[in-house]
Amino acid sequence: MAEEKLSNDEAVEAEVEPTEDVETLEQSFAEEKEKAEKYLANWQRSQADFDNYRKHIEQEKEEIVKFANSALILGLLPIVDDMERAFASLPEQMAEFSWIDGIRLSYNKFRATLEAQGLSEIKAKGEQFDPHLHEAVMRQEGEEGIVTEEIQKGYKLKDKVIRPSMVIVGK
């Protein structure tokens, strides 16, 4: 009988131990599952951050390529200004020479090349003064806030102002 009682106690203990092990395992499983979910969330955040970084770098690269020639074009604008002034001050008797037509043709090709790169003039005379497009150097009698005269042409390169127009504004 003592042996039977002893074996019944062992049987009860054997039944209790697996239940405790299952609870411990379930708790461990829950903790590990929580860790895994944290790791997954961190990984997803890192992936999203990396994607945003990659998009930002690609956008910067596009901007660099888009405006890589802006310094060169900005350096060529004084030549355009000089040629326009030369044509404007050309005496009438010289305007008929064929070599002047050749220079004008070269100038037009030069302008066409610049325009093909995205250069465009900023309209100024008669327009409403816009400080993003125009630089007011003087005010004179005229319609308030309207550009009355353009002293130097302004230019945009692909919708970005690279040189504002120097203007006189009415007061």
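In this text the structure is predicted, and so the values were computed from the model without any measurement.
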* Asked: Does the salt bridge (Lys or Arg N to Asp or Glu O under 4.0 Å) test come out yes or no for Lys156 and Asp159, once each step is laid out?
  -> CA-CA 6 Å; Lys156 288 182 180 183; Asp159 298 326; 5.1 Å; no
* Structure fact -> Sequence neighbours excluded, the answer for salt bridge (Lys or Arg N to Asp or Glu O under 4.0 Å) partners of Glu31 is none
* To do: Not counting sequence neighbours, list each pair that qualifies as a salt bridge (charged side-chain N to carboxylate O under 4.0 Å, His left out) and has a residue in residues 80-92.
  => Asp81-Arg163, Asp82-Arg85, Glu84-Arg111, Glu84-Lys153
* Over all atoms of both residues, closest heavy-atom pair of Ile146 and Gln128 -> CD1-OE1, 3.4 Å
* Salt bridge present between Lys55 and Glu58 (N-O < 4.0 angstrom) -> no
* Asked: Mind checking whether Ile122 and Val80 sit in one hydrophobic cluster, side chains of I, L, V, M, F, W, Y counted as touching below 4.5 Å?
  -> no
* Structure fact -> OG of Ser165 to NZ of Lys125, rounded to nearest 0.5 Å, is 13.0 Å
* Give a yes-or-no answer on whether the side chains of Gln140 and Thr148 include a donor-acceptor pair shorter than 3.5 Å. => yes
* **CD/Glu96: more than 12 non-hydrogen atoms of other groups inside 6.0 Å** => no
* To do: Answer yes if Leu157 and Leu72 sit in the same cluster of Ile, Leu, Val, Met, Phe, Trp and Tyr residues linked by side chain heavy atoms under 4.5 Å apart, and no otherwise.
  => yes
* To do: Answer yes or no: does atom NZ of Lys158 have more than 12 heavy-atom neighbours from other residues, nucleotides or ligands under 6.0 Å?
  => yes
* Do you know which two heavy atoms are closest between Val169 and Phe129, and how far apart they sit? -> CG2-CD1, 3.5 Å
* Starting from the C-alpha separation in whole Å, work towards a yes-or-no answer on side-chain contact (heavy atoms from CB on, under 4.5 Å) for Glu37 and Leu40. => CA-CA 5 Å; Glu37 288 172 356; Leu40 177 62; 5.6 Å; no
* Aromatic ring pairing Phe97/Trp99, orientation class (parallel under 30°, perpendicular over 60°, tilted between) -> parallel
* Structure fact -> Taken to the nearest 0.5 Å, the spacing of Ser46 OG from Gln44 CD works out to 10.0 Å
* Taking the side chain as every heavy atom from C-beta outward, state whether Gln117 and Ile73 have any atom pair closer than 4.5 Å. => yes
* Share the residues that join Tyr39 in a hydrophobic cluster, the rule being Ile, Leu, Val, Met, Phe, Trp or Tyr side chains under 4.5 Å apart at the heavy-atom level. => none
* Which pair of non-hydrogen atoms, one from Ile162 and one from Leu74, has the smallest distance, and what is that distance? -> O-CD1, 3.4 Å
* To do: Check for a donor-acceptor pair, side chain of His134 on one end and backbone N or O of Asp130 on the other, with a separation under 3.5 Å.
  => yes
* Asked: Phe87 and Met94: same hydrophobic cluster, using ILVMFWY side-chain contacts below 4.5 Å?
  -> yes
* To do: For atom CD of Glu115, decide whether the heavy atoms of other residues, nucleotides or ligands shown that lie under 6.0 angstrom number more than 12.
  => yes
* To do: Just do the side-chain contact (heavy atoms from CB on, under 4.5 Å) check on Ile103 and Met83 with the steps written out, would you?
  => CA-CA 9 Å; Ile103 292 173; Met83 292 185 82; 4.2 Å; yes
* Identify whether Leu76 and Tyr107 are in the same connected component of the hydrophobic contact network (ILVMFWY, side-chain heavy atoms under 4.5 Å). => yes
* Sequence neighbours left out, what pairs pass ring pair (Phe, Tyr, Trp, His ring centres under 6.0 Å) with at least one residue falling in residues 141-171? => none
* Linking Ile, Leu, Val, Met, Phe, Trp and Tyr through side-chain heavy atoms less than 4.5 Å apart, which residues share a cluster with Met166? -> Val137, Met138, Ile151, Ile168
* Is a salt bridge present between Glu144 and Arg139, judged by a nitrogen-to-oxygen distance below 4.0 Å? -> yes
* Structure fact -> Output for pair (Ser120 OG, Leu114 CG), nearest 0.5 Å, gives 11.5 Å
* **Straight-line distance of Leu105 CG to Ser98 OG, nearest 0.5 Å** => 12.0 Å
* Partners passing ring-ring contact (aromatic ring centres under 6.0 Å, His included) against Phe110 (at least two apart in sequence or in another chain) -> none
